[in-house]
*Asks:* 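Below is one structure. I have some questions about it.
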Amino acid sequence: MSTSGALAPGSTIGILGGGQLGRMTALAAANLGYSCHIFAPDAESPAASVSAAWTRAPYEDQNALRTFAGKVDVVTYEFENVPVACVAFLETLVPVRPGAELLRVAQHRGREKAFFEGIGVPVAPFALAASEADFIVAVRQVGLPAIAKTTTEGYDGKGQARLDAGSDLAAVWAALGHRELIVEGLVDFVAEASVIVARDAAGDARCFPVGRNVHRNGILHTTTVPAGFDDALLRQAEAVGQRAAEAFGLIGMLCVELFIGRDGRVLANEMAPRPHNSGHWTQDACLTSQFEQLVRAVCGLPLGAIDLQARQVVMTNLIGDDVSEWPRIVAEPGAKLHLYGKRKARAGRKMGHVNRLIL
Ligand code: AMP
């Protein structure tokens with residue numbers, strides 16, 4: 001392992017996106033002596049409040065992007081819906097890790113599924129629909145029960161509808177905004193999981209231990225590690241992460257959300273080219289957190305050790321009013337509370353999380 005060509009501590013990492021993932025990346029970067037400069041249009045930014053600099057401008061503002069590029073040594077992104085054109089423009093001025101191509105694929109559920117099929121990873125049966133008429137054909141092709149999802153910009157269960165025998169397809173098409181949809185066959189899964197892989201410029205790739213995820217109302221509720229799957233399943237899950245990282249020549253971090261099928265297959269659901277909510281447990285249960293690993297990968301430092309340091313860790317999200325439980329959680333032995341500094345606890349908003357460890 002070499003640190004030649006690495007960005008020395010004291011350098012500045014530019015982060016596109018101003019949310020909690022950027023905040024935790026900036027905190028990890030600070031621990032290694034780097035500064036962060038956030039680029040985000042939002043009025044409030046959990047990331048900017050712990051960073052050295054903030055450019056508050058639209059992602060389309062090329063003048064602001066050019067100035068930003070002149071002030072940073074490398075750029076990464078913490079928000080998946082940064083316009084690809086913004087990343088492609090920055091790439092002409094400064095290294096952006098991971099680059100625009102991975103983002104382009106990850107932003108579209110249809111491209112994502114085609115990518116996984118292309119690298120030999122099974123996915124749910126699917127069909128795309130650009131019009132109401134297409135939608136009816138797509139549902140017939142995939143069969144019921146199924147799930148319709150907007151191909152872009154859906155997250156945390158938003159932009160989705162379950163389709164059963166009696167569903168009114170015209171109403172679903174309208175409710176989802178008359179936009180391009182993907183129809184997915186309902187996967188009969190025994191569990192959901194995710195694999196998070198970091199890869200550096202030299203091709204060293206490391207997967208964090210696989211986590212078992214439980215969702216509530218379409219939003220991640222808990223991640224538990226060890227996941228309790230047998231070794232063959234764990235190897236399959238890691239292979240998905242490794243293969244995806246290789247295929248893109250990833251420099252940075254990639255999370256693949258998985259279904260563990262009742263038939264023993266591991267299917268890919270979607271991917272995110274950034275740290276992921278299902279990797280927050282690494283902050284307290286791994287020597288190197290997912291955030292530090294991202295900083296290491298994009299700055300050219302060797303990847304850090306990722307072995308599990310606890311017998312078990314459970315990450316629980318604090319959504320909306322859950323955050324009012326903080327006085328009890330902060331007093332709990334074995335619990336590590338992480339809050340994002342957001343002022344208003346709206347329903348469905350991720351306010352923080354707690355990692356509960358059994359050592
Ligand atoms: P997604 O936005 O694709 O991550 O979907 C949110 C949640 O909906 C997933 O974590 C699953 O619990 C469920 N889900 C999504 N797609 C499918 C599918 N094809 N089959 C079964 N469950 C699904």
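Quick note: numbers below take in every heavy atom, side chains included, and nothing from hydrogens, waters or symmetry partners. All residue numbers in this chain count up from 1 along the given sequence. In each ligand, atom 1 is the first atom listed, and ligand 1 is the first ligand listed.
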*Asks:* Looking only at protein heavy atoms, identify the closest one to atom 2 (O) of ligand 1 and say how far it is in Å.
*Replies:*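 Here the closest protein heavy atom is Gln160 NE2, 2.7 Å.
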*Asks:* Taking Asn63's backbone N and O only, do any of them form a donor-acceptor pair with Asp61's side chain (distance below 3.5 Å, no angle check)?
*Replies:* yes
*Asks:* Can Glu117 and Lys113 be counted as an ion pair, charged N to O under 4.0 angstrom?
*Replies:* no
*Asks:* Out of the candidates His280, His276, Arg274, only one should pair with Gln290 under the side chain to side chain donor-acceptor pair (under 3.5 Å) rule; please name it.
*Replies:*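 Exactly one pass, corresponding to His280.
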*Asks:* Between Glu112 and Arg109, does any side-chain N to carboxylate O distance fall below 4.0 Å?
*Replies:*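 So Glu112 does not pair with Arg109 through a salt bridge.
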*Asks:* May I ask you to identify the nearest protein heavy atom to atom 4 (O) of ligand 1, giving residue, atom name and distance to one decimal place in Å?
*Replies:* Glu270 OE2, 2.7 Å
*Asks:* So, His108 versus Phe115, ring centres under 6.0 angstrom or not?
*Replies:*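 Between His108 and Phe115, the centre distance exceeds or equals 6.0 Å.
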*Asks:* Take Lys342 and Gln20 through the side chain to side chain contact (heavy atoms under 4.5 Å, CB included) test and state the conclusion after the steps.
*Replies:* CA-CA 9 Å; Lys342 295 181 182 175; Gln20 62 268 17; 2.9 Å; yes
*Asks:* Ignoring hydrogens, tell whether any protein atom lies closer than 4.0 Å to atom 13 (C) of ligand 1; use the non-hydrogen atoms only.
*Replies:* no
*Asks:* Using a strict 4.0 Å cut-off to heavy atoms of Asn269, name the atoms of ligand 1 that fall inside it.
*Replies:*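 Reading through ligand 1 atom by atom, the close ones are 1 (P), 3 (O), 4 (O).
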*Asks:* Tell me, which protein residue and heavy-atom name are nearest atom 9 (C) of ligand 1, and how many Å apart are they?
*Replies:*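 That would be Glu192 OE1, 3.2 Å.
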*Asks:* Mind listing the side-chain donor-acceptor pairs of residues 161-174 below 3.5 Å, one per line with the distance, residues two or more places apart or on another chain?
*Replies:*
from: Arg162; atom 1: NE; to: Asp164; atom 2: OD1; distance (Å): 3.3
from: Arg162; atom 1: NE; to: Asp164; atom 2: OD2; distance (Å): 3.2
from: Arg162; atom 1: NH2; to: Asp164; atom 2: OD1; distance (Å): 3.1
from: Ser167; atom 1: OG; to: Asp164; atom 2: N; distance (Å): 2.7
from: Ser167; atom 1: OG; to: Asp164; atom 2: O; distance (Å): 3.1
from: Asp168; atom 1: OD1; to: Ala170; atom 2: N; distance (Å): 3.2
from: Asp168; atom 1: OD1; to: Ala171; atom 2: N; distance (Å): 3.1

*Asks:* Distance to 0.1 Å, residue and atom name: give those for the protein heavy atom nearest to atom 21 (C) of ligand 1.
*Replies:*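 Residue, atom and distance for the closest contact: Val187 N, 3.4 Å.
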*Asks:* What atoms of ligand 1 come closer than 4.0 angstrom to any heavy atom of Gly185?
*Replies:*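 In order of numbering, the contacting atoms are 18 (C), 19 (N), 20 (N).
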*Asks:* Please list the nearest protein heavy atom to atom 15 (C) of ligand 1 with its residue and the distance rounded to 0.1 Å.
*Replies:*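 Heavy-atom neighbour on the protein nearest atom 15 (C) of ligand 1: Lys149 NZ, 3.2 Å.
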*Asks:* Could you tell me whether Lys344 and Glu44 have a side-chain N and a carboxylate O separated by less than 4.0 Å?
*Replies:*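 Answer for the salt bridge query: no.
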*Asks:* Right, does atom 7 (C) of ligand 1 have protein non-hydrogen atoms nearer than 4.0 Å?
*Replies:*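 Under the 4.0 Å cut-off, atom 7 (C) of ligand 1 has no protein heavy-atom neighbours at all.
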*Asks:* Within the 4.0 Å heavy-atom shell around Leu186, which atoms of ligand 1 are there?
*Replies:*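 Listed by number with element, the hits are 20 (N), 21 (C).
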*Asks:* For residues Leu303 and Ala198, report the shortest heavy-atom separation together with the two atoms involved.
*Replies:* CD1-O, 3.7 Å
*Asks:* Looking at non-hydrogen atoms alone, which of Ile147, Val214, Leu267, Asn213 comes nearest to atom 23 (C) of ligand 1?
*Replies:* Ile147
*Asks:* Mark up the atoms of ligand 1 that fall under 4.0 Å of a heavy atom belonging to His215, in ascending order.
*Replies:*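 Heavy-atom distances to His215 below 4.0 Å select 10 (O).
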*Asks:* For atom 22 (N) of ligand 1, grab the closest protein heavy atom and report residue, atom and distance to one decimal in Å.
*Replies:* Phe189 CE2, 3.4 Å
*Asks:* Can you list the ligand 1 atoms lying under 4.0 Å from a non-hydrogen atom of Arg109?
*Replies:*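 This gives 1 (P), 2 (O), 3 (O) as the contact atoms.
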